[in-house]
Number of protein chains: 2
Amino acid sequence: MNPKKKSYSLGLDFGTNSVRALIVDTANGDEISTAVINYPSGEAGILLDPKDPNLARQNPADYVEAMVRVIKKALTQAKKTKKGFSPDLIIGLGVDTTGSTPLPVDKNGLPLAFHDEFKNNLNAQAWLWKDHTAFAEAQEITELAAREHPEYLAKCGGVYSSEWFFSKILHCLRVDPEVFEAAHSWVELADFIPALITGTLSLEKIKRSRCAAGHKAMFNDAWGGLPAKDFLSQLDPKLGQLRDRLYNQTYTSDQTAGFLTKSWAKMLGLKPGIPVAVGAFDAHLGAVGAGVAPGKFVKIIGTSTCDICVWPNDQPLADIPGLCGIVDGSVLPGYFGLEAGQSAVGDIFNWFVNYLQPGGPKKGSHEELTKKAAALLPGESGLLALDWNNGNRTILVDQRLTGLLLGQTLHTKPEEIYLALIEATAFGALTIIKRFQEYGVEIKEVINCGGIAEKNPLVMQVYADVLGLEMKIARSSQTCALGSAMAGAVVAGKINGGYNRFEEAQAAMCGVRSQTFKPRPDRHQVYQQLYTLSRQLHDAFGTRNWSGNLYHLMKDLLDIRDHQLEKAREASLSKRKKKI
Amino acid sequence: MNPKKKSYSLGLDFGTNSVRALIVDTANGDEISTAVINYPSGEAGILLDPKDPNLARQNPADYVEAMVRVIKKALTQAKKTKKGFSPDLIIGLGVDTTGSTPLPVDKNGLPLAFHDEFKNNLNAQAWLWKDHTAFAEAQEITELAAREHPEYLAKCGGVYSSEWFFSKILHCLRVDPEVFEAAHSWVELADFIPALITGTLSLEKIKRSRCAAGHKAMFNDAWGGLPAKDFLSQLDPKLGQLRDRLYNQTYTSDQTAGFLTKSWAKMLGLKPGIPVAVGAFDAHLGAVGAGVAPGKFVKIIGTSTCDICVWPNDQPLADIPGLCGIVDGSVLPGYFGLEAGQSAVGDIFNWFVNYLQPGGPKKGSHEELTKKAAALLPGESGLLALDWNNGNRTILVDQRLTGLLLGQTLHTKPEEIYLALIEATAFGALTIIKRFQEYGVEIKEVINCGGIAEKNPLVMQVYADVLGLEMKIARSSQTCALGSAMAGAVVAGKINGGYNRFEEAQAAMCGVRSQTFKPRPDRHQVYQQLYTLSRQLHDAFGTRNWSGNLYHLMKDLLDIRDHQLEKAREASLSKRKKKI
């Protein structure tokens, strides 16, 4: 036998609390080594402000330090466990990150936070995706765009979010002009990492991610890239000026961001000169690693969900209202990447188990509740819930919605509520899928990834029964890192033991598990009735066009709450003053 | 000194789970002895059907057995603790019971359940007030009355309830004709007990309670007593025939049902021949014991509430829609007795604590939750709930409504939900009071009774803040039993050491406590905002005239639930058959 020379690729997945490295056999997707390193700063890697619950930042030095350690750890392990493995066999590297997570950078493209004068300034750090300090600026941008450039909003669901690029930069300009002035440019974390290790940090060289730009910065070739300078100047003349120091071109993740520099190669223990793919967001490369393709809808189910599908970019596609984004090439080159999502899924189950603790810590565990809930029939409890405990991302795009549970009697049991919450997230998923289908996007199967999909068969079975679609589960438990590794294999190319196109990499490197969940027709029928009722609640409380006019109700409650909390804050402040 | 001879009276209070006996000094209402005996059968005295959550029956033998034991216990204790007490000093006896709690009886007036052939038949037992199996029959009766005799409904809120006399009897006729045929007549528990111990069980002798007849059986002198035979025959000819074996006359509780027979006197350890008052419902005699009078609104807060007030029967009073009943003399002779109520109050708090057990049995106790909830501001949680976990008795008169909780986020805590549930019951109370006021019934103060009113100052304070009225608390902790004892004193008469009229008994024997709860204006203001929102939910889900048409939603859910339970029953049945 003449053993063929093995090739491997490396995927780096920068998550919210940690970074993961995955080394994959490019021939078949075998995951030969994986390692995780937590970010050292803040609380679980997040810099918080006790005075502002909206603030969530990260120390850029964490990314670098954790990356070096995680790659070394993965390599060490691979050498131990895989006979014949050598770091030299790694042919390429891909990177995915959270987003929108922008960083202010200096003229050299290095984070301002690396400078002594800014290292303790929260506004000079990375603005983590879940930072919501810029809610007022988001509204301002949305209103201006709605008036002057509705096309900007049409591709991102009609509302520009406080989590996104320009909201955060504008907020920085407003609250910390010093940081804004000192920033030569702003980069997404997904841009920064590949540029850092390939020596392409400078504005001229850095290759910006199409995924990040399109989904979070209103970038679209149809209007010449980023929003017009005029538009940005109306928000603030300085924001208009910044546009010249941003970018006009973006790249998909089958493109090479650059080649690993000698010094970084040494530091990371890898071969110098290997190609590094242009970065993208975790969910988007995660969808690639799960096997996304036309007709195959990928659900990444975690604390919240991200739903990804693709549609050929040479076929007509309407602007789909309520989606998080429609971006050509954000997932696969040649396809529109379509993103949707639910603001809370696992988080709702965790809220019920950890905050309410029904039955106490033992009797109310996920395991116990799941076991009991599995014995219930659809509709048997008479309960109906909405999955809005963290607002609604798709299709209502409304953070100011809250949860609802209806139908409880004096006999309602914890497991019945638990099942109702699972069903609520399934109804939420169905509303999203129906929206895609209404606008002509074909969905033939659903591939699920994430811990809940892998570990909770009840959730998957309820989803199958509610959606009326077979639920498949991605083979890999780390589809984001796998998708990044696949990008590494694609930028290496067939000639180096990789692939020329993502589709080829997918055919060889990813798949679904043999266990799937099929809809049970009798339950699907009952769930169709329940969904009709759920949709009425959804429309009554979530839309302005429901005749009963309950749209205001949850919002009024939040106004009253905010007013009460403000009063309490003032009262405690004046109390403290009196003491002084 | 020449000590005046003491007189005592005995009140018997047949509750949902137990019977209470109270011995009272007729001069000043001093409660010298009290005893409680639980009904021995079923779950906490209630016979349930695991297959039908609507079913709630009681074993009539329990009443008799528990009555004998409870009177003996009270007498023994009185002898021990009260110097000079002797059973011979008891001058009269009053009885209150739950209702509508009808029992099918034989020709001798004894419960069918006493016969061997029926003793295990749930339909031959007492149909406890909270039995809801007859919801379909209630609707049928309501519809027929609305069409042919709207006057019947006008005095009982416009809707005839599934909890009431004729609904239950008609349901029995439909589901168990054998029991129906075997029943010579049907009696309310409030009629049965006084008749039993005075030897007046026969149809000719038994004195039916005005309170029970007027509030639950559409009895009114204006149309000649019970509903017309024609009317009942249209529901079922056999129901029409039954009318001849019911009654044409009713009595208020200042009237004597009869005199204690020798044999019962011996069995109970009382003096033979003492007068026993005509029975009434617990809430109605409870209101008497709390000091009900024009302008004084009595709330009896327990697992559910009963709200009672009176209005002079020589002053004009419109039919108030949604009330449980308007019955001349049901509370005090010479006054209309007006009854309203909430289907669940304490039961909702108990459901939350006992069924959901938030935080487990220790952290989630009523005490802990109350302590934490007391620290919250109105509206601070952003939550809003409806108190419909057991349907809505007043003003919607709709058993097929269910609970609703709205506004939960990922951070909602158990004590926040607990407070929202308390507030929900307060909003329910406010809706009732507003309805009374809208129809011209004056309400100057609220007198609360029951364990929750006495033991949970938070509930009372929230009620004061929500209602904008001072909350007073009845001096006695057992106003129902006290009211019964007062009836005993009235039937004995002044000449025997009692009183000639209820008002005289009230002046001497009852009062309110010194601690009261005043509304806090700033909180009342916030609660007015929250009430507006709560009322919108109430109208949207509870009435047909809300434009958004969500009226069907809770009912559709219950239909689906019932259908699923039915399917499950059939499946388990066919499984069992296969095994055989």
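Bear in mind that the values here come from a model prediction, so they are computed numbers and not experimental data. Chain letters run A, B, ... following the sequence lines, proteins first and then strands; every chain starts at 1.
Between A:Leu356 and B:Lys413, the closest heavy-atom pair is CD2-C, 4.1 Å. A:Gln529 and B:Ile560 make their closest contact through OE1-CG1, 3.4 Å (heavy atoms, listed as atom of the first residue, atom of the second, distance). When all heavy atoms are compared, the tightest approach of B:Gly548 to A:Ser547 is CA-OG, 3.5 Å. Closest approach of B:His552 to A:Gln536, counting heavy atoms only: CE1-OE1, 2.7 Å.
Within the model, atoms CD of A:Glu416 and OH of B:Tyr355 stand 9.5 Å from one another, a figure rounded to the nearest 0.5 Å. Between A:Thr402 atom OG1 and B:Leu406 atom CG the span is 5.0 Å, to the nearest 0.5 Å. Distance check, rounded to the nearest 0.5 Å: CZ of A:Phe541 to CG of B:Leu537 gives 5.0 Å.
Taking 4.5 Å as the limit, some side-chain heavy atom of B:Leu410 sits within range of a side-chain heavy atom of A:Ile348. At a threshold of 4.5 Å between non-hydrogen side-chain atoms, the residues B:Leu530 and A:Leu557 count as touching.
A:Leu405 touches chain B through backbone and side chain together, each having a heavy atom under 4.5 Å away. Contacts between B:His411 and chain A at a heavy-atom distance below 4.5 Å involve backbone atoms as well as side-chain atoms. For B:Leu550, the part lying under 4.5 angstrom from a heavy atom of chain A is the side chain only. There is no contact between B:Thr532 and chain A, counting heavy-atom distances below 4.5 Å. With a 4.5 Å cut-off on non-hydrogen atoms, B:Ile417 touches chain A through its side chain but not through its backbone.
The choice from A:Asn390, A:Asp522, A:Leu565, A:Leu553 that makes the most heavy-atom pairs within less than 4.5 Å of chain B is A:Leu553. Counting heavy-atom pairs closer than 4.5 Å to chain B, the top-ranked of the candidates A:His563, A:Arg561, A:Lys567 is A:Arg561. Contact count against chain B (heavy-atom pairs under 4.5 Å) is highest for A:Thr409 among A:Asn350, A:Asp347, A:Leu386, A:Thr409. Of the listed residues B:Leu558, B:Asp556, B:Asn354, the one with more heavy-atom pairs under 4.5 angstrom with chain A than any other is B:Asp556. By number of non-hydrogen pairs under 4.5 angstrom with chain A, the leading residue of B:Ala344, B:Pro378, B:Pro53 is B:Pro378. Looking only at heavy-atom pairs under 4.5 Å with chain B, the residue among A:Leu533, A:Leu377, A:Leu401 that has the most is A:Leu533.
By the neighbour-count criterion of 12 heavy atoms within 6.0 Å, atom OH of B:Tyr551 is densely surrounded, having more than that number from other residues, nucleotides or ligands. Heavy atoms from other residues, nucleotides or ligands lying under 6.0 Å from CD of B:Glu43 number 12 at most. Environment of CD in A:Gln528: crowded, with over 12 heavy atoms of neighbouring residues, nucleotides or ligands closer than 6.0 Å. Within a 6.0 Å radius of NZ in A:Lys371, other residues, nucleotides and ligands contribute 12 heavy atoms or fewer.
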